[in-house]
Amino acid sequence: MAIDATQPYDDENIFAKILRDEIPNKTVYEDEHALAFHDINPQAPHHILVIPKGRYVSWDDFSANGSDGEIAGFVRAVGHVAREAGMVEPGYRLLANIGKDGHQEVPHLHVHIFAGKPLGPMLMRG
Ligand code: 5GP
């Protein structure tokens, strides 16, 4: 079910549990600001999620309330993960779903990285 991007942070969300090591994940990369791991239900041959370590519900929350260091660290981590995975050539797609119409399901900011085949048009039509 899609969430409201303006809701307060819920410490029991699934990615908060992953950050606390209460739920296993297949980690790709971790640093001070970010954790990257394989999506449990991949929608492309390569489907990685990158999340900030801080308690941010959505891109809206993070871009408004994240510190400059957290934002720079997170953006650099996303780029680093894609680069290290060899995705820059032939290319990849970033996606961040925000709120109900954006179909965000997990209320902790995450950026999807998709790669591994031609990904087609940007959005499903209709
Ligand atoms: P959203 O629709 O919120 O942008 O995407 C949430 C993503 O989280 C989905 O692609 C879903 O497959 C993934 N996901 C949900 N629960 C888990 C989990 O427990 N572990 C991992 N690795 N991914 C999850």
Side-chain angles (χ1 to χ4, degrees):
M1 204 178 77
I3 64 115
D4 176 347
T6 63
Q7 71 185 48
Y9 189 82
D10 171 10
D11 282 299
E12 295 310 309
N13 81 75
I14 200 98
F15 293 168
K17 291 180 179 176
I18 283 177
L19 281 171
R20 293 196 298 264
D21 268 338
E22 293 169 13
I23 291 180
N25 73 90
K26 291 187 180 163
T27 298
V28 173
Y29 175 75
E30 181 167 15
D31 67 18
E32 175 190 357
H33 293 295
L35 177 69
F37 51 95
H38 291 285
D39 196 291
I40 205 167
N41 182 23
Q43 303 295 312
H46 303 295
H47 184 174
I48 295 171
L49 299 172
V50 191
I51 65 175
K53 293 234 168 136
R55 299 165 73 257
Y56 297 102
V57 174
S58 67
W59 183 270
D60 179 67
D61 184 14
F62 189 56
S63 60
N65 302 314
S67 70
D68 290 355
E70 286 175 309
I71 291 171
F74 180 67
V75 171
R76 287 196 188 280
V78 173
H80 176 81
V81 167
R83 214 173 296 120
E84 286 297 299
M87 294 172 175
V88 176
E89 181 58 46
Y92 62 99
R93 177 171 294 159
L94 299 182
L95 178 72
N97 294 322
I98 297 113
K100 289 198 181 72
D101 278 6
H103 212 278
Q104 179 179 359
E105 293 193 324
V106 179
H108 182 115
L109 169 62
H110 46 286
V111 168
H112 299 257
I113 305 178
F114 301 104
K117 67 171 188 182
L119 294 164
M122 194 163 57
L123 289 176
M124 217 165 47
R125 303 194 194 283

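Just follow the structure's listing: the first ligand is 1, and inside any ligand the first atom is 1. Small disclaimer: the values here were computed from a predicted structure and weren't measured. Scope of the values below: all heavy atoms of this structure, side chains included, with no hydrogens, waters or symmetry mates.
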Starting from [atom], what is the nearest protein heavy atom, named by residue and atom, and what distance separates them?
atom: atom 8 (O) of ligand 1; answer: F15 CZ, 3.4 Å
atom: atom 2 (O) of ligand 1; answer: H103 O, 3.0 Å
atom: atom 22 (N) of ligand 1; answer: H38 O, 2.9 Å
atom: atom 3 (O) of ligand 1; answer: E105 N, 2.6 Å

Looking only at heavy atoms of [X], does any of them come nearer than 4.0 Å to an atom of ligand 1?
X: I14; result: yes
X: H112; result: yes
X: D39; result: yes
X: L49; result: yes

Handout entry: Residue portion contacting ligand 1 (non-hydrogen atoms closer than 4.0 Å) for H110
Key =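 It is the side chain that touches ligand 1; the backbone stays farther off.
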Practice task
For residues H112 and H110, establish whether the separation of their ring centroids is below 6.0 Å.
Solution key: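 Judged by ring-centre distance (under 6.0 Å), H112 and H110 do meet the cut-off.
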Problem - Same cluster (ILVMFWY, side-chain, under 4.5 Å), Y92 and L95 - result: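 In one cluster with Y92: L95, no.
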Practice task
Consider only side-chain heavy atoms of I, L, V, M, F, W and Y, link residues closer than 4.5 Å, and tell whether I113 and I98 are in one cluster.
Solution key: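 In one cluster with I113: I98, yes.
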Handout entry: Test item: H108 side-chain N/O and P52 main-chain N/O as donor-acceptor pair under 3.5 Å
Key =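 Checked: pair present.
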Handout entry: Side-chain donor or acceptor of E105 paired with backbone N/O of H103 under 3.5 Å
Key =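 Flag not set: sc E105 to bb H103 has no pair under 3.5 Å.
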Using a strict 4.0 Å cut-off to heavy atoms of [X], name the atoms of ligand 1 that fall inside it.
X: V106; answer: 3 (O), 6 (C)
X: N97; answer: 1 (P), 2 (O), 4 (O)
X: N41; answer: 12 (O)

Problem - side chain to side chain contact (heavy atoms under 4.5 Å, CB included) between D60 and Q104, worked out - result: CA-CA 12 Å; D60 179 67; Q104 179 179 359; over 6 Å; no
Exercise for the section: May I ask you to decide if the ring planes of H47 and F114 are parallel, tilted or perpendicular, using 30° and 60° as cut-offs? Expected result: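 H47 vs F114 ring planes: tilted.
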Handout entry: side chain to side chain contact (heavy atoms under 4.5 Å, CB included) between F37 and I51, worked out
Key = CA-CA 9 Å; F37 51 95; I51 65 175; 3.8 Å; yes
Problem - Short N or O distance, I40 and ligand 1, threshold 3.5 Å exclusive - result: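 Yes.
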Practice task
Considering only NZ, NE, NH1 and NH2 on the basic side and carboxylate oxygens on the acidic side, decide whether K53 and E30 come within less than 4.0 Å.
Solution key: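 Answer for the salt bridge query: yes.
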